[in-house]
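A short write-up of the structure that comes next.
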Amino acid sequence: MTKLNSYEQAVADYEPVLGLETHIELDTNTKMFCGCPTAFGAEPNTQVCPVCLALPGALPVANKAAIEATIKIGLALNCRIAEWTRFARKNYFYPDMPKNFQTSQYEEPLCEEGYVDVVVEGETYRVEIERVHLEEDTGKTLHVGGATGRIHGATESLVDYNRAGIPLVEIVTKPVPGTGALAPEVARAYTAELRDIVRSLGVSDVRMEQGSLRCDVNLSLNLPGEAWGTRTETKNVNSLRSVERAVRYEVRRQSALLDAGERIFQETRHFHEATGETSPGRSKEEATDYRYFPEPDLAVMEPSREWVEELRTSLPEPPRKRRERLQEAWSLADKEMQSVVNADAVDLIETTVAAGAAPAAAVKWWLGELSRRANETGDELGALAITPAQVAELQGMVDDGRLNDKLARQVIDGVLAGEGSPAEVAAKRGLEVVSDTGALETAVDEAIAANPAVAEKIRGGTHAAAGVLIGAVMKATKGQADAGTVRKIILDKLS
Amino acid sequence: MSTISREEVAHLARLARLEVTDDELDAFAGQLDVILESMKALAEVDTDDVQPTSHAVPLVNVFREDLPQPSLSREAALAGGPDTAEDRFRVPRILDEEA
Amino acid sequence: MAQPSRIIDKTAAELAADIREGRLTSVEVTTAFLDRIEAVDATVKAFLHVDREGALAAAREADAAIAADEEASPLAGVPVAVKDVVVTKGLPTTAASKILEGWIPPYDATIVERIKAARMPILGKTNMDEFAMGSSTEYSAYFKTRNPWDTGRIPGGSGGGSAAAVAAKMAPLAIGTDTGGSIRQPGAVTGTFGAKPTYGSNSRYGLIAFSSSLDTPGPVSRNALDAALLHEVISGHDPRDSTSIDAPVPPVAEAARLGASGDLTGVKLGVVKEFAEGAEAAEPGVIAAYEAGVEQLVKLGAEIVEVSCPSFTYALPTYYLIAPSEASSNLARYDGVRYGLRTGDDGKHSLEEVMSLTREAGFGPEVKRRIILGTYALSAGYVDAFYGKAQKVRTLIKRDFEAAFEQVDAIISPTTPFVAFKFGERTGDPYQMYLADLYTIPSNLYGGPGVSVPVGLADGMPVGLQVCGPVMGDDIAYRVAAALESTQDTPLADTAPELEGN
């Protein structure tokens, strides 16, 4: 049983130093070094060719779109773009890597020396980027015969090379000291910010659950004023929450070891989603020697300054600046804006506002009713079958008094069921507010006649009793009356 | 004089995934020596400020457009495999964790 | 000189003309070579695989295309043999290694696509040193190929099969590959013509890699013009090879025809001072034959100029760091997972053990030796001193040759220091074997073209003269070689002893 300190005690005694290595799968049409498609979820071994299967004689040719995407990421992370850069072979044997070397970059990455600022609890932390380089992904291995599909206890494995060769960008931070007790939150905020930046560039769908964004978390502890400690590298951290938990766990585990006078080994550890724990990888019998050398099958790259500047010009507004701008424009408090960001609704609300809705209304619909619907079905907000333009149209009908909130929700039912635009649904389902006062007066008269005792109370000055008559009128008009108007008519008649 | 020990050859063989025999260890250790002796010749060459040559004709920025090409059929992709199952390449149990 | 009576005695250029002009069909020509293979290959053992049916089918198609007046390549209908290191769709391709035994590629190398597009029937796949590592074809995992001039001797290597097939007239043309001399040295010792084109001018896509920055495919034939015609079929830019040069192919056939006129007036031929200084490695008979050839070139009007390439001394060690380093990585893919041999998968061994057992069983000793050397040269702490240093020395070698080519049009030398040796003579000592490539390796390092043309005999065995040109100057090498041929009454290749079975 691993001994753990309490987190509070651990960060009171030790200073954590973070480091993050993030792998992002680019969503190019084709793989890094061949023309195979990259669609997620294809039948096994149907997106492979001589190059990505490493058949004898096959040769790589670099995908220009992947180079561009990497340069864009580098620029968005404030990096210097190399004037001279090349690929290198990282040699090691593993069955999901067809060539038994990974074409990667070594001493000359495409991008170096950048930074990302993240805000945690009102404090800005600068996370420095050491390098951004381009490499290729591996295939996928299915372990068979073990209890849980894990490598331990498996009797054999099955390999699918569809993913092998998909362009992979690796982003490595410099060590991040000085975060103190907030190390887990800073790690999470950095990962989220990186995800948003890359998503804004449109070069990856950065979905952690599909593995298109994968994190390795490095962590070491040291006593205040002393040199940095030995770090561990925790792999397999595949959600924002897990990034936070992995850091927290390693802080607790390492501090307990250090308290007991034990050493931290520089090792690879694996994160377990179910328990939130990390466990050591199988120790290698000897240190890995990757025997890097320049890839002789590929030409060197010299990204021209014109090209780099052209790409720089094409960059979208950074997500952080955009969020600040929108928060101000929408007059949202920090907390409200955070909810919008967490719900992944920034784009949706922005488009809804652009289509004519007031910001407050757009926020209300997306974070309220529509978030509730998405939760019910387990969909992401953006996956709902209603467009921002339709939400704006719906709100317009409310503003015009043609719909009340209750009717609007019924209209949403229809839109989500694919019955058409809000106006079409309202028309088809007959969901307009009844504004014909003649019809309403008749309904009120009928309600008064049916409830003489209540009418008497109102005449006696107990206006609160009007609710009963309003309810009856609403029922008679199937909810299509405006409650305020009905109330006014009742009070007029009974005063 | 031997510059590469038997143990070193054994280490190299493990890196290169070769299950060499004892006889081969001896033979390779001796023969690598002969070659390495001649390699020492290069140490005497002054290459300060000399740029490396990777290819005789230097080419830069050789890229391909991001346009899909046909993949192999699954049958063709799997045809060479010594052992396949469930449309995948079957391998025996793996000891190492992913590097 | 009597007109050749047999189809197999004709040159490729003659056969192409006969087929084009209707005197012969491709089926007749292809059948003649297939029959010749049947008759003598039991003795020579040049082929790992013969594709009679495929070759005849391609021949019939070639005949139909010619009959239909389709635009035909200059070699349409002329059959060719392909070194087994070149990937051929549907035809076994092993690189003469047990590790690829039984592998049937699902794709064609670019140069094979071009051969097929030129309607040249492929006779079969020729033997070689395993993964092209060797200079005698003794390291084939399957069998030794014999030199048609003396079946007790090696045919050179690594492309001994292609050279022997052409020397024994089992094929009018063949494809070879050259990393340190594997086209030219077999050419020299079998009395055939072999050309290593400029690196990058011939696609490597589908060429099973030995050393990526040095490997170059090229033609093997009995004379310069035939090689030049095949050169033009396979050469040119290939977008699937990132190291392929996007520039026009030098006019080598035109140069060969020009050379055949026998005039070298105004051509300056360089003799590298340091090559001669290393002459203790060259046999006297080789030097004598070579010098006689040089005299002939002078008679044709060439001027001989001594040039200096001081870094030549380092060419061999540079090569023996770069080539094994790249090879150790290129050969990592042979692991018994996706294709080829798998050994030890008995339910008891782990994947790691099965990979090691497979590679141990599948690779021959010379391949393993080079993998170990390359692994050593790339291992932590050594890569800068070894591979990195070798790349820098490569720059110096390149500079020396570039400087030499400012003074001369081409550089000449013996192709190899010795004639074909007897089987087993040099297998015990790798360094002695490596010396076979002493004069051929520099052009792989600086990247320029080199051709080997038969120049004479020493003790009854053929000797080759090498002509090297500047990068993308393949034409001058062909021109000089063809000029030398014009001084020979009978092409040397036609004086080979007849083999049993004729």
Side-chain angles (χ1 to χ4, degrees), chain B residues 4 8-9 11-21 24 27-29 31-32 34-59 62-64 69 72-73 75-84 89-96, chain C residues 103-104 106 198-200 213 239 242-243 245 311 313-314 316-318 320-321 328 335-342 345 347 349-357 359-360 363 365 368-369 371-373 375-376 379 385-386 388-396 398 430-431 445-448 471:
Chain B
I4 300 191
E8 217 165 342
V9 176
H11 167 74
L12 295 171
R14 279 194 298 277
L15 275 179
R17 288 264 203 275
L18 290 169
E19 187 68 45
V20 292
T21 63
E24 281 177 321
F28 290 157
Q31 286 169 337
L32 292 181
V34 176
I35 296 161
L36 287 169
E37 286 303 312
S38 75
M39 299 315 165
K40 284 188 180 162
L42 289 199
E44 70 189 40
V45 187
D46 179 5
T47 51
D48 293 349
D49 306 323
V50 176
Q51 286 302 306
T53 291
S54 60
H55 296 92
V57 179
L59 297 170
V62 180
F63 303 133
R64 138 188 100 67
Q69 302 294 320
L72 290 172
S73 70
E75 294 65 39
L78 294 169
D83 194 358
T84 59
F89 294 91
R90 196 203 72 85
V91 297
R93 73 196 151 85
I94 303 169
L95 284 185
D96 285 347
Chain C
W103 182 56
I104 311 287
T198 294
Y199 178 90
S213 74
S242 302
T243 60
I245 298 169
S311 55
T313 330
Y314 305 115
L316 206 54
T318 299
Y320 279 101
L321 281 179
S328 70
D335 60 4
V337 174
R338 293 161 305 285
Y339 43 79
L341 183 75
R342 181 184 290 185
D345 187 7
H349 291 106
S350 69
L351 171 71
E352 289 79 357
E353 290 164 338
V354 169
M355 275 189 184
S356 297
L357 290 166
R359 289 165 62 78
E360 172 66 13
F363 290 135
K368 282 187 247 182
R369 171 169 39 233
I371 289 174
I372 297 265
L373 177 65
T375 304
Y376 181 69
S379 58
F386 283 9
K389 180 84 177 186
Q391 283 198 322
K392 288 181 175 178
V393 177
R394 192 173 175 184
T395 305
L396 299 178
K398 200 175 150 209
Y431 197 72
L445 292 172
Y446 79 78
V471 166

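First the proteins, then the strands, lettered A, B, ... as listed; each starts at 1.
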*In Å and rounded to the nearest 0.5 Å, what is the CG to NZ distance from B:Asp49 to C:Lys392?*
8.5 Å
*Is the backbone of B:Val45 close enough, under 3.5 Å, to the side chain of C:Lys389 for a donor and an acceptor to pair up by distance?*
yes
_Distance-minimising heavy-atom pair for C:Ile371 and B:Ala16_ = CG2-CB, 3.6 Å
_Which one wins on heavy-atom pair count under 4.5 Å against chain C: B:Val9, B:Thr21, B:Leu59?_
B:Leu59
*Could you tell me which non-hydrogen atom of B:Pro82 sits nearest to which non-hydrogen atom of C:Gly336, and how far apart they are?*
CG-O, 3.4 Å
*Looking at C:Ser350, C:Ser213, C:Ser311, C:Gly388, which makes the most heavy-atom pairs under 4.5 Å with chain B?*
C:Ser350
*Report the option among B:Glu24, B:Gln51, B:Arg64 that has the most heavy-atom pairs separated by less than 4.5 Å from atoms of chain C.*
B:Glu24
*For C:Lys398, enumerate each residue passing the side chain to side chain contact (heavy atoms under 4.5 Å, CB included) test, keeping only those at least two apart in sequence or located in another chain.*
B:Thr53, B:Pro58, C:Glu402, C:Tyr446
*Checking B:Ala27 against chain C: side chain, backbone, both or neither under 4.5 Å from a heavy atom?*
neither
*Using non-hydrogen atoms and a 4.5 Å limit, figure out which bit of C:Val393 sits close to chain B: side chain, backbone, both or neither.*
both
_Testing the basics here: between B:Pro92 and C:Leu351, what is the closest heavy-atom pair and its distance to 0.1 Å?_
O-CB, 3.5 Å
*Would the number of heavy atoms belonging to other residues, nucleotides or ligands and lying under 6.0 Å from CG of B:Asp48 be above 12?*
yes
*asked:* Tell me the closest heavy-atom pair linking B:Glu8 and C:Tyr376, and the distance in Å.
replied: OE2-CE1, 3.6 Å
_Listed partners of C:Arg342 passing salt bridge (Lys or Arg N to Asp or Glu O under 4.0 Å), at least two apart_ = C:Asp345
*Rounded to the nearest 0.5 Å, what's the gap from CZ on B:Arg93 to NE2 on C:His349? Could you check?*
9.0 Å
_Quick check on C:Ala385 against chain B: is it the side chain, the backbone, both or neither that has a heavy atom closer than 4.5 Å?_
neither
_Heavy-atom contact with chain C under 4.5 Å, split by part of B:Val57_ = side chain
*Given that the side chain runs from C-beta out, which part of C:Ser328 has a heavy atom under 4.5 Å from chain B: side chain, backbone, both or neither?*
neither
*chain C: which of B:Val20, B:Leu18, B:Asp46 shares the most heavy-atom pairs with it under 4.5 Å?*
B:Leu18
*With chain B, which of C:Leu357, C:Val337, C:Thr198 has the greatest number of heavy-atom pairs at distances under 4.5 Å?*
C:Val337
*asked:* Do C:Glu352 and B:Ile94 make a side-chain contact, defined as non-hydrogen atoms from C-beta onward lying under 4.5 Å apart?
replied: yes
_Under 4.5 Å from a heavy atom of chain B, the part of C:Ile104 involved_ = neither
*Under 3.5 Å, is there a donor-acceptor pair between the side chain of C:Arg394 and the main chain of B:Ser54?*
yes
